[in-house]
Amino acid sequence: MTDSFSTPAHAFDPATFEPRWQAYWADNKTFRAVEDPTKPKYYTLCMFPYPSGAGLHVGHPESYTAIDIVARSKRMRGFSVLNPIGWDSFGLPAERAAVREQRHPADITREYIGNFKRQLLRLGFSYDWDREISSCEVDYYKWTQWIFLKLHERGLAYLADVPVNWCPAQGTVLANEEVVDGKYVETGEPVERRMMKQWMLRITAYGDRLVDDLEGLDWPEHVKEMQRQWIGRSEGAEVDFKIDGHDASFTVFTTRPDTLFGATYCVLAPEHVLIQKITSADRRADVDAYVATARNRSDLDRQKSAEKEKSGVFTGAYAINPVNGAKVPIWIADYVLATYGTGAIMAVPAHDERDHAFATKFGVPILQVVSAPAGHDVQAEAWTGDGKSMNSGAYDGLDVATFKKQITAWLEENGHGRKRVNFKLRDWLFSRQRYWGEPFPIVHTDAGEVKTLPYSALPVSLPHIEEFKPTAEGLPPLGRAEQAWLQTEVDGVVGWRELNTMPQWAGSCWYYLRYMDARNTELPFDPANERYWGPVDLYIGGIEHAVLHLLYARFWHKVLYDCGMVHTKEPFQKLFNQGMILSFSYKDANGKYLGPHEVEQRGDVWYAIGGDTPLEVKIEKMSKSKKNVVDPMDVVVEYGADALRIYEMFMGPLEQVKPWQTSGVEGVYRFLARVWRLFIDQDSGALRPFGPSNREVTKAIHAAVKEATEGIDLLKFNTPIAKMMEWVNACHGELPAKEECEDLLRILSPWAPHVCEELWLRLGHTTSISAEAWPTWNESALIDDTLEIAVQVGGKMRGAVTVARTADKDTILAAAKADATIARHLEGKEILKEIVVPGRLVNFVVK
RNA sequence: GCGGAAGUGGCGGAAUCGGUAGACGCGCUGGUCUCAGAAGCCAGAGCCGAGAGGUGUGGGGGUUCGAGUCCCCCCUUCCGCACCA
């Protein structure tokens with residue numbers, strides 16, 4: 001009832017102008033990206049959003065705001081900026097929702113996209129909406145299929161019978177990268193191993209380049225390291241071992257060929273093909289039992305037991321060591337992986353910890369062939385470091401590196417082995433037994449041939465089906481499509497379409513290229529456009545994609561590079577990971593979570609409203625079950641988009657994990673309201689008069705311009721806000737000179753574009769502030785005529801004196817000694833040394 | 001176990017070519033305005049101490065006139081990898 005009194009007619013109210021500016025930008029296509037050869041380009045990109053039913057969470061606007069600030073400031077600094085947005089819209093979650101809600105995934109996906117888009121528009125991001133794309137629409141996935149054909153043409157796509165990660169809950173296979181600890185990373189559902197015929201992409205052929213090209217990238221070191229570890233390049237040798245009494249041999253991979261003389265046994269993985277052939281009659285029962293057990297154990301079990309003890313069984317067969325003819329027993333053990341190297345190893349227990357553990361348990365001899373430091377007994381513990389070779393015949397006395405080279409050369413010359421580079425990285429399992437994904441441009445003929453469709457036959461549209469479950473015969477959901485889709489003709493032969501679909505990663509492997517030429521109907525994109533826009537200059541997204549998406553996209557990019565489609569070896573020049581935004585949660589003694597509106601603080605302790613038992617307060621990841629989710633749209637309704645954007649940046653460094661605090665949003669809202677009141681008379685709505693600037697205000701604006709300019713380049717978006725706040729504080733409620741006020745609006749506009757456009761308009765300008773030139777600062781304006789010099793006595797702070805900036809050493813010392821407090825501290829002491837740091841401090845070293 | 005990042009007021013965080021620790025914001029205290037409240041505005045504050053002063057950037061040592069910053073040891077937290085021969 002007192003609102004008319006308490007709220008002036010023209011008080012700061014973002015809801016009155018924010019939507020108006022959003023409409024203005026849309027109507028005028030203010031942020032259209034133009035291939036302008038007269039300007040340098042800048043390409044900003046956020047990781048492809050997956051539009052979920054839950055809508056935006058506060059993590060989305062964090063990276064989007066950071067990108068938007070860079071994009072807006074780069075435009076103001078004369079760059080032609082590409083800042084696009086689109087939707088990663090194929091994938092399992094939509095299909096599961098479809099089953100749950102009895103609706104078609106296309107309908108669900110489009111609804112979610114509409115919701116996301118509405119929310120993003122309400123936050124005022126400067127996207128070129130004319131380039132909006134959606135990976136589930138046929139005008140996009142036609143080109144995903146096109147790129148698949150390119151991969152196939154180059155021998156990089158093949159069908160293979162492979163052990164796959166089958167997730168029964170999802171009803172599909174998963175890529176290695178999607179499985180952690182035997183569980184699907186997205187849902188935590190268990191994964192088991194099966195043999196299946198699947199489409200694979202030969203990413204391993206690019207292993208070397210994927211490692212080597214990391215070198216020149218401006219990426220966080222730990223992300224590069226994660227990629228290196230995942231690719232896991234290791235250099236060594238393959239060695240062939242004949243089997244005593246059999247016309248057979250097997251090959252091992254080792255990184256330590258220099259320890260060949262110390263091999264006291266060999267191990268085959270339980271899946272190794274030779275096992276049946278070489279096992280002796282008296283060992284067969286044990287071997288069969290061991291192999292059967294190993295086969296039935298899940299990866300998770302295998303991993304768990306790895307932490308405890310080694311297991312294994314002797315085959316009864318012996319291998320012949322090619323370097324010295326020694327016969328060593330062949331064991332089977334599941335600590336040797338079928339999928340890495342050759343699935344077989346030579347074991348050198350003296351110099352490998354795993355072999356040592358195994359040898360100790362099963363009583364296999366341990367033979368030292370590399371000298372260890374005094375006091376190190378290889379019988380007790382393996383020595384894996386450097387040393388001189390011993391017990392190695394003619395090779396004794398060599399260091400590890402030299403011996404490796406010599407023995408590898410000897411192996412090659414004598415046909416017993418060869419130099420070899422191995423990767424942990426395996427080929428990418430590229431098919432999924434699901435509906436909501438890109439169909440393969442592949443046809444299987446009745447004669448059993450696998451044929452690719454010609455480019456002219458694209459797109460292969462996803463057929464409409466009603467049920468998204470496997471067929472009764474166990475075929476993937478696409479088996480439910482009509483005969484007219486299932487059966488087709490290629491090269492004059494009738495055949496059946498591939499029923500698998502591509503994984504969700506396919507669409508996100510090249511979307512950043514489509515943005516460069518989003519409406520091209522002839523090609524995925526025109527290479528001329530790529531030469532202008534590529535590569536992405538700044539890419540921001542979550543650390544969760546450090547391996548998966550970034551590895552796959554780099555792989556495809558390199559293939560397109562080899563096809564002459566793109567002109568850079570790498571797609572993303574600079575990468576940055578935003579830190580997750582956490583939130584406070586409140587839990588009562590019964591373990592029940594309470595929402596922020598159900599709790600109150602009394603003193604330092606939180607209680608349920610009206611309750612008297614203290615609650616447990618924690619900072620946790622936002623989740624519905626913890627009742628600590630912050631909906632960015634709620635924040636917009638209460639404080640406006642500008643306040644949300646500024647708070648997301650003001651919370652702390654972008655890369656840091658940090659907790660959401662609604663009181664902090666109120667703080668930045670108050671800042672914006674102060675800016676508003678500085679410019680606008682709240683009662684009349686009129687622009688308030690400019691006045692004279694003083695030294696303090698002028699210094700503050702230059703400091704703010706400097707901090708904003710440098711902060712944006714360093715992706716430090718929090719401290720510039722502090723400097724702008726200092727300028728407002730320095731104004732003490734009175735507008736200073738017009739130019740300084742305009743500079744403030746210019747530098748604030750990337751963070752808070754709506755209020756800055758509004759005030760810019762009210763200053764009488766008729767064009768958008770987003771097209772203004774970025775201001776510059778003057779270092780000289782930052783320097784004061786007088787300086788405060790800190791004074792220490794014996795290294796302890798005792799006071800400060802104010803002197804002219806030009807004051808010389810003696811003047812400063814005299815001023816310091818004249819200060820009453822300093823004089824008191826110097827009294828009765830002998831000054832041993834006088835240290836003067838110009839412009840900073842004086843230190844009297846005393847006795 | 002291996003690798004990486006980080007520990008600063010009641011809270012989020014500033015400041016690292018070594019040079020006045022705690023900018024800015026939140027919260028708090030006091031004042032102003034008001035019949036009253038809210039908002040706004042002004043002022044205060046690391047901690048201990050009445051004060052002089054002491055003390056203080058996870059802990060312990062060291063280098064230095066001077067250390068949040070450099071060196072050594074330790075503790076804690078978070079993240080990644082985890083039989084890859």
Side-chain angles (χ1 to χ4, degrees), chain A residues 2-3 5-8 11 180-181 220-223 225-226 228-230 232-234 236 252-256 259 267 302-303 305-307 310 333-337 339-348 351-355 357-358 422-426 543 546-547 579-580 584 601 603-604 646-647 650-653 655-668 670-671 673-674 677 682 716 718-726 729 732-733 788-800 821 824 832-846:
Chain A
T2 52
D3 272 1
F5 161 70
S6 61
T7 308
V180 172
D181 292 339
E221 195 48 46
H222 66 279
V223 175
E225 192 50 37
M226 281 169 75
R228 280 189 209 106
Q229 277 186 16
W230 185 265
R233 176 162 66 187
S234 70
V252 305
F253 173 71
T254 177
T255 55
R256 295 293 304 275
T259 62
V267 184
R302 238 168 120 154
Q303 214 154 39
S305 62
E307 287 155 17
K310 297 268 182 289
D334 67 0
Y335 82 91
V336 172
L337 308 176
T339 46
Y340 181 76
T342 59
I345 64 158
M346 65 171 202
V348 185
H351 305 292
D352 181 283
E353 285 163 15
R354 297 151 300 180
D355 296 343
F358 187 90
N422 247 316
F423 294 94
K424 274 204 284 190
L425 179 71
R426 319 219 187 116
I543 185 69
V547 173
M580 206 190 311
F584 285 92
Q601 189 173 18
D604 288 341
I646 292 192
Y647 178 63
F650 191 61
M651 289 172 82
E655 68 276 17
Q656 199 161 298
V657 175
K658 45 210 175 273
W660 183 273
Q661 285 175 298
T662 298
S663 58
V665 190
E666 282 169 23
V668 298
R670 283 204 277 267
F671 161 64
R674 290 183 81 192
R677 286 197 308 272
Q682 293 193 91
K716 283 175 63 178
N718 50 338
T719 48
I721 294 296
K723 294 288 181 197
M724 293 185 229
M725 288 173 168
E726 286 184 49
N729 293 344
H732 295 289
E788 202 173 69
I789 306 282
V791 184
Q792 299 180 335
V793 177
K796 287 188 191 269
M797 289 303 310
R798 293 302 179 189
T821 315
R824 203 173 66 234
L832 298 178
K833 203 170 168 190
E834 293 168 338
I835 292 163
V836 180
V837 183
R840 291 220 174 250
L841 61 63
V842 171
N843 187 9
F844 294 106
V845 185
V846 295

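All figures in this text were calculated on a predicted structure; none of them were measured in a lab. Heavy atoms only: backbone and side chains are in, while hydrogens, waters and symmetry mates are out. Here is how names work: the chains are called A, B, and so on, in the same order as the sequence lines, proteins then strands, and each is numbered from 1.
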- Message: What's the gap between B/rC75 and B/rU29 when it is taken at their C1' atoms, as a whole Å value?
- Response: 37 Å

- Task: Please identify each residue that fulfils salt bridge (Lys or Arg N to Asp or Glu O under 4.0 Å) with A/Asp355, with sequence neighbours left out.
- Result: none

- Task: Kindly say if A/Arg228 contacts the phosphate of B/rC81, meaning a side-chain N or O under 4.0 Å from OP1 or OP2.
- Result: no

- Query: Using atom C1' of each nucleotide, how far apart are B/rG56 and B/rA36 to the nearest Å?
  - Reply: 44 Å

- Message: Distance check, P atoms only: B/rC47 and B/rG10, in whole angstrom units.
- Response: 7 Å

Please write out the pairs of protein N or O atoms and N or O atoms of nucleotides 2-9 of chain B separated by less than 3.5 Å, giving the distance to one decimal.
none

- Query: Base, sugar-phosphate alone, or nothing: which one does A/Asn422 contact when heavy atoms must sit under 4.0 Å apart?
  - Reply: nothing

- Given the rule in the side chain to side chain contact (heavy atoms under 4.5 Å, CB included) test, do A/Arg256 and A/Val348 qualify, once you have shown the distances and angles that lead to the verdict? CA-CA 9 Å; A/Arg256 295 293 304 275; A/Val348 185; over 6 Å; no

- Touch check for A/Val267, heavy atoms < 4.0 angstrom, all strands: base, sugar-phosphate only, or nothing? nothing

All N/O contacts under 3.5 Å from nucleotides 44-49 of chain B to the protein, with atom names and distances to one decimal?
none

- Distance between P atoms of B/rG58 and B/rG12 (Å, rounded): 14 Å

- Take atom C1' in B/rU64 and the same atom in B/rC28, then report the distance between them in whole Å. 40 Å

- Task: Would you indicate what A/Lys723 reaches in the nucleic acid, counting non-hydrogen atoms under 4.0 angstrom: base, sugar-phosphate, or nothing?
- Result: nothing

- Query: If you find the nucleotide of RNA chain B closest to A/His732 and the one closest to A/Val657, which residue's nucleotide is nearer the 5' end?
  - Reply: A/Val657

- Message: Quick check with a 6.0 Å cut-off and a 45 degree axis cone: is A/Lys310 positioned over the face of A/Tyr335's six-membered ring?
- Response: yes

- Query: Where do A/Tyr647 and A/Met651 land on the side chain to side chain contact (heavy atoms under 4.5 Å, CB included) test, with the steps shown first?
  - Reply: CA-CA 6 Å; A/Tyr647 178 63; A/Met651 289 172 82; 3.3 Å; yes

- Message: Tell me if the CZ atom of A/Arg228 is crowded by more than 12 foreign heavy atoms within 6.0 Å.
- Response: yes

- Message: Taking the side chain as everything from C-beta on, heavy atoms only, tell me whether A/Arg674 gets closer than 4.5 Å to A/Asn729.
- Response: yes

- Interatomic distance at P, B/rG62 relative to B/rG27, whole Å: 44 Å

Please list, for nucleotides 16-20 of chain B, all pairs of protein and nucleotide N/O atoms separated by less than 3.5 Å.
unit_1: B/rG19; atom_1: N2; unit_2: A/Gln792; atom_2: OE1; d: 3.4
unit_1: B/rU20; atom_1: N3; unit_2: A/Glu788; atom_2: OE1; d: 3.1
unit_1: B/rU20; atom_1: O4; unit_2: A/Glu788; atom_2: O; d: 3.3
unit_1: B/rU20; atom_1: O4; unit_2: A/Glu788; atom_2: OE1; d: 3.0

- Item | Chi angles and distances behind the side chain to side chain contact (heavy atoms under 4.5 Å, CB included) call for A/Val547, A/Gln229 | CA-CA 10 Å; A/Val547 173; A/Gln229 277 186 16; over 6 Å; no

- Side chains of A/Ile835 and A/Gln792: closer than 4.5 Å at any heavy-atom pair? no

- Query: For atom C1', what is the distance between B/rG54 and B/rA50, given to the nearest Å?
  - Reply: 15 Å

- Message: Just to be sure I understand the rule, does A/Lys424 reach a base, reach only the sugar-phosphate, or reach nothing, if contact means heavy atoms closer than 4.0 Å?
- Response: base

Between protein and nucleotides 27-30 of chain B, what N or O pairs are separated by less than 3.5 Å?
unit_1: B/rG27; atom_1: OP2; unit_2: A/Arg670; atom_2: NH2; d: 3.0

- Side chain of A/Pro659: nearest nucleotide among B/rG12, B/rC65, B/rA85? B/rG12

- Item | Intra- and inter-strand pairs of RNA chain B in dot-bracket (Watson-Crick or G-U wobble, both distances under 3.5 Å; | for another strand) | (((((((..(((......[....))).(((((.......))))).(((....)))..(((((..]....))))))))))))....

- Would a distance-only check, ignoring hydrogens and angles, find a side-chain to backbone donor-acceptor pair under 3.5 Å from A/Lys658 to A/Pro653? yes

- Query: Can a donor-acceptor pair under 3.5 Å be found between the side-chain atoms of A/Lys310 and the base atoms of B/rC83?
  - Reply: yes

- Task: Would you mind classifying the nucleic acid contact of A/Thr339 as base, sugar-phosphate or nothing, using non-hydrogen atoms under 4.0 angstrom?
- Result: nothing

- Note on the structure: Nearest-nucleotide check on RNA chain B, A/Thr255 vs A/Phe650; residue mapping nearer the 5' end is A/Phe650

- Item | Euclidean distance for P, B/rA23 against B/rA45 (whole angstrom) | 11 Å

- With a non-hydrogen cut-off below 4.0 angstrom, is A/Arg233 in contact with a base, only sugar-phosphate, or nothing? nothing

- Item | Nucleotide of B/rG80, B/rG13, B/rG25 approaching A/Arg674 most closely (side-chain heavy atoms) | B/rG25

- Item | Residues, nucleotides or ligands: over 12 heavy atoms within 6.0 Å of A/Glu353 CD | no

- Task: For A/Lys796 and A/Gly794, indicate whether the former's side chain and the latter's backbone hold a donor-acceptor pair under 3.5 Å.
- Result: no

- Query: Are any of A/Asn718's side-chain N or O atoms less than 4.0 Å away from OP1 or OP2 of B/rA14?
  - Reply: yes

